[in-house]
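A short write-up of the structure that comes next.
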Amino acid sequence: MTNFNINLLTRNNIKAMKSYSSARDEFKDFELDYLFLDANESPFPNGWNRYPDPQQWEVKELLSQQKKVPKNQILLGNGSDEVLDLLFRAFCEPNSDNVITLPPTYGMYGVLGNLNAIENREVVLNSEFQPNLDRIFENIDKNTKMIFLCSPNNPTGNTFLDDSIVSLLQNFKGLVVIDEAYIDFTEKESWITQLNEYPNLVITQTLSKAYGLASLRIGIAYASVEIIAILNKIKPPYNINLASQNIAIKKLNFNIVPNQVKKIVSERNRMEVELHSISFVEKVYPSEANFLLIKVDDASKRYQQLIERKAVVRNRSSQPLCENCLRISIGAKAENNQLLTLLKSL
Ligand SMILES: *Cc1c(COP(=O)(O)O)cnc(C)c1O
């Protein structure tokens with residue numbers, strides 16, 4: 001897109017504000033053998049007594065090598081949820097701006113809209129679970145700051161067509177945020193490769209799913225240098241704790257993720273076939289994620305029956321296009337077999 005100017009999207013108070021400058025921002029080289037008396041930390045070493053690197057450079061260095069994105073185009077958050085919240089706070093003026101989301105999709109976009117007093121214009125996906133471009137463009141006005149595309153989408157499991165995403169990237173003057181929480185489970189390429197093409201593109205990923213680190217809370221944004229600089233300006237100073245940084249570094253250095261992803265994808269494919277043979281399963285939607293969405297005869301009844309047998313799935317029936325739909329995470333082989341046995345016994 002030509003003539004894109006991030007300053008026109010950024011809230012005035014954010015442009016004007018001075019960010020907090022922490023002790024570790026002002027003197028960065030804490031590897032040095034200096035006398036550190038600048039952060040009011042405890043002097044008694046226990047492994048945790050010093051504040052962590054506010055910019056998490058070691059983690060970013062590894063992500064940078066693996067994703068082929070410069071470090072100054074990467075921001076880490078306390079989960080993707082923090083990254084998404086920072087986007088709202090940086091670019092959406094409370095009580096006047098709006099965003100577009102495409103239900104059925106991840107619930108946090110709407111929650112963060114409410115939290116930040118931003119109108120959420122919901123444009124339901126079409127019957128193929130694809131973005132309805134005409135309706136999206138009808139809903140865009142001068143106060144529309146962001147569009148959230150979750151691809152692969154939660155809870156439908158599909159990716160969005162390249163042409164639709166390109167059309168939004170080229171024609172929408174706000175930010176196109178592509179949530180790639182499930183990107184590791186699809187054959188499709190990440191939109192990260194397009195960062196240089198589109199200054200309005202923001203990609204979020206996470207270590208919570210394929211990387212198996214949900215409890216550490218590490219979400220990632222990839223975007224232009226300018227967008228990342230604005231998010232950096234407003235993020236809490238030490239938003240990724242040292243334990244999380246250390247474990248993320250280990251995980252990124254010693255990568256067993258592709259193997260685990262292969263296992264999950266193969267289990268997903270097996271479950272897709274097996275679930276078809278359950279009498280009350282009416283539909284198993286194709287999935288490019290680590291879960292399957294199924295349509296059953298009566299979702300509340302089946303959900304309850306599973307709970308009584310100590311198995312928990314997610315009832316997504318309240319979402320548009322998801323009537324009588326359950327979302328089943330792909331577990332280990334033994335867990336999936338347990339679920340199948342339970343379902344057959346109902
Ligand atoms: C699970 C999930 C996330 C991950 O959120 P974290 O805060 O990083 O754990 C993000 N987006 C979607 C669509 C998800 O389903």
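Within the structure, no pair that satisfies the ring-ring contact (aromatic ring centres under 6.0 Å, His included) test touches residues 209-235, not counting sequence neighbours. Sorted by first and then second residue, the pairs that involve residues 235-277 and meet ring-ring contact (aromatic ring centres under 6.0 Å, His included), not counting sequence neighbours, are Tyr51-Tyr238. Legend: salt bridge (charged side-chain N to carboxylate O under 4.0 Å, His left out) pairs involving residues 85-103, not counting sequence neighbours, sorted by first then second residue: Arg11-Glu93, Asp85-Arg89, Asp97-Lys145.
For Gln194, there are no side chain to side chain donor-acceptor pair (under 3.5 Å) partners at least two apart in sequence or on another chain. Residues meeting the side chain to side chain donor-acceptor pair (under 3.5 Å) test with Ser21, sequence neighbours left out: Glu26. Partners of Glu119 by side chain to side chain donor-acceptor pair (under 3.5 Å), not counting sequence neighbours, listed by chain and number: Arg121. With sequence neighbours excluded, the residues forming a ring-ring contact (aromatic ring centres under 6.0 Å, His included) with Phe88 are Phe148, listed by chain and number. Listed by chain and residue number, Leu275, Ile294, Val313, Leu339 satisfy the side chain to side chain contact (heavy atoms under 4.5 Å, CB included) test with Ile328 (two or more places apart in sequence, or in another chain). Partners of Phe129 by ring-ring contact (aromatic ring centres under 6.0 Å, His included), not counting sequence neighbours, listed by chain and number: Tyr285. Contacts of Glu82 classified as side chain to side chain donor-acceptor pair (under 3.5 Å), with partners at least two apart in sequence or in another chain: Asn239.
Around the NZ atom of Lys15, the shell of radius 6.0 Å holds more than 12 heavy atoms that belong to other residues, nucleotides or ligands. No more than 12 heavy atoms of other residues, nucleotides or ligands lie within 6.0 Å of CZ in Arg314, so this atom counts as exposed by the packing criterion. No more than 12 heavy atoms of other residues, nucleotides or ligands sit less than 6.0 Å from atom NZ of Lys283.
Side-chain contacts under 4.5 Å among hydrophobic residues (ILVMFWY), followed directly or transitively, place Trp48 together with Leu242.
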Practice task
Would you please test Glu282 and Lys295 for salt bridge (Lys or Arg N to Asp or Glu O under 4.0 Å) and show each step?
Solution key: CA-CA 5 Å; Glu282 295 172 5; Lys295 196 183 267 304; over 6 Å; no

Only distances under 3.5 Å count here; give the side-chain donor-acceptor pairs of residues 176-184 to other protein atoms, sequence neighbours excluded, each with its distance to 0.1 Å.
| from | atom 1 | to | atom 2 | distance (Å) |
| --- | --- | --- | --- | --- |
| Asp179 | OD1 | Ala181 | N | 3.1 |
| Asp179 | OD2 | Tyr109 | OH | 2.7 |
| Glu180 | OE1 | Ser190 | OG | 2.7 |
| Glu180 | OE1 | Gln205 | NE2 | 2.9 |
| Glu180 | OE2 | Trp191 | N | 2.9 |
| Tyr182 | OH | Lys209 | NZ | 3.1 |

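Of the residues Asp53, Ile249, Leu63, the one that meets the side chain to side chain contact (heavy atoms under 4.5 Å, CB included) test with Glu58 is Ile249.
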